[in-house]
Amino acid sequence: MINSISKVLDELEIQSTLEKSRKKDVLHEDRMLAITKETGELINMILRLKNAKNMLEVGMSTGYSTIWCAEVIAEQSGKIITIEQNPSKIKRAKENFQRAGVMDTVIIKEGLAMQILTEFSLHQKYKDFFDFVLIDADKENVIEYFDLIFPMISIGGVIVTDNMLYPEQFRQDMKKFSEHLKDNPKLHTITSPIGNGEEITIKLK
Ligand SMILES: C[S@@+](CC[C@H](N)C(=O)[O-])C[C@H]1O[C@@H](n2cnc3c(N)ncnc32)[C@H](O)[C@@H]1O
């Protein structure tokens, strides 16, 4: 891994661990709420297996997950479009991208995920466009996000959804999401216990 990327990932992991252990007091709206390192490794590997070029992320926060992905997407000369509503997190993410040297790989869309995804869904350009999507924003809208995103995924494209198992406060929303995916003949899906529980969904022909 490029030095500048691993250095920033290491720093953000320390910050995330302090935050999660409550050793550092951080206001809720300023929390990274990042995926785990294992989830970062998992999505990095899926992107590599797929030679992914076009990626979408819903819920960027300060860019930890985005940087895990940018390492691979940059090698493919691809782009990550990432959505975030919180301006102060966007500022921190931009600083992190700059330091990691991945700024040119990332396109930040500032605003509400529902609105941005709805706009994208109306563009012919995005039909079957993305090779990989990470869904990691508010959980109450996860079904709506998935349904807007699904037509924008290429055949064989992968959607990873975080927080299927933890924290427990999301269990009910994520259970409904699991039910929603079940029996859909256009996809295969598994719930992996890696990290906070990752739903890995592949779009079939
Ligand atoms: C769990 S965090 C994302 C963590 C990030 N993927 C990572 O691993 O570093 C969720 C982020 O989604 C953002 N978010 C929540 N609801 C949103 C919405 N409706 N539209 C856009 N962003 C939203 C939050 O501000 C927060 O930064």
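Every number for a ligand or one of its atoms is a count from 1 in the order of the listing.
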Legend entry - Qualifying residue for side-chain hydrogen bond (donor to acceptor under 3.5 Å, both in side chains) with K139, from D173, N163, T161: N163

Inset, instruction - Could you grab the distance from atom CG of L56 to atom CD1 of I107, nearest 0.5 Å is fine? - result: 10.5 Å

Inset, instruction - Examine the proximity of ligand 1 to M60 and report which part, side chain or backbone, both or neither, has a heavy atom under 4.0 Å away. - result: backbone

Legend entry - Selection from D30, I90, L33 by shortest heavy-atom distance to atom 1 (C) of ligand 1: L33

Legend entry - Cationic N near anionic O, under 4.0 Å, K175 to E179: no

Inset, instruction - Decide, yes or no, whether a salt bridge links R99 with E95 under the criterion of side-chain N to carboxylate O below 4.0 Å. - result: no

Inset, instruction - Give a yes/no verdict on whether any heavy atom in W68 is under 4.0 Å from an atom of ligand 1. - result: no

Inset, instruction - Pick, from G111, A137, G59, the option with the minimum heavy-atom distance to atom 21 (C) of ligand 1. - result: G111

Inset, instruction - Starting from atom 20 (N) of ligand 1, locate the nearest protein heavy atom and write down its residue, its atom name and how far away it is, to 0.1 Å. - result: A113 N, 2.9 Å

Legend entry - The one among E84, K89, Q85 that brings a heavy atom closest to atom 25 (O) of ligand 1: E84

Inset, instruction - Consider every N or O of I35 and every N or O of ligand 1, then say whether any pair is closer than 3.5 Å. - result: yes

Inset, instruction - State whether the shortest distance between N or O atoms of D138 and N or O atoms of ligand 1 falls below 3.5 angstrom. - result: yes

Inset, instruction - Please confirm whether R92 makes a cation-pi placement over F97, using NZ or CZ under 6.0 Å from the six-membered ring centre and within 45° of the ring normal. - result: no

Legend entry - Nitrogen or oxygen atoms of N86 and ligand 1 under 3.5 Å apart: no

Inset, instruction - Please write down residue, atom name and distance for the protein heavy atom closest to atom 10 (C) of ligand 1. - result: D136 O, 3.1 Å

Inset, instruction - Find all atoms of ligand 1 within a distance of less than 4.0 Å from any non-hydrogen atom belonging to Y64, and give their numbers and elements. - result: 9 (O)

Legend entry - Test: R48 and E71 ion pair at under 4.0 Å: yes

Inset, instruction - Look up atom OG1 in T17 and atom NZ in K37, then write down how far apart they are to the nearest 0.5 Å. - result: 10.0 Å

Inset, instruction - Step through the shown structure and confirm whether more than 12 heavy atoms of other residues, nucleotides or ligands are within 6.0 Å of NZ on K50. - result: yes

Legend entry - For atom 7 (C) of ligand 1, the protein heavy atom that lies nearest, with its residue and separation: S65 OG, 3.1 Å

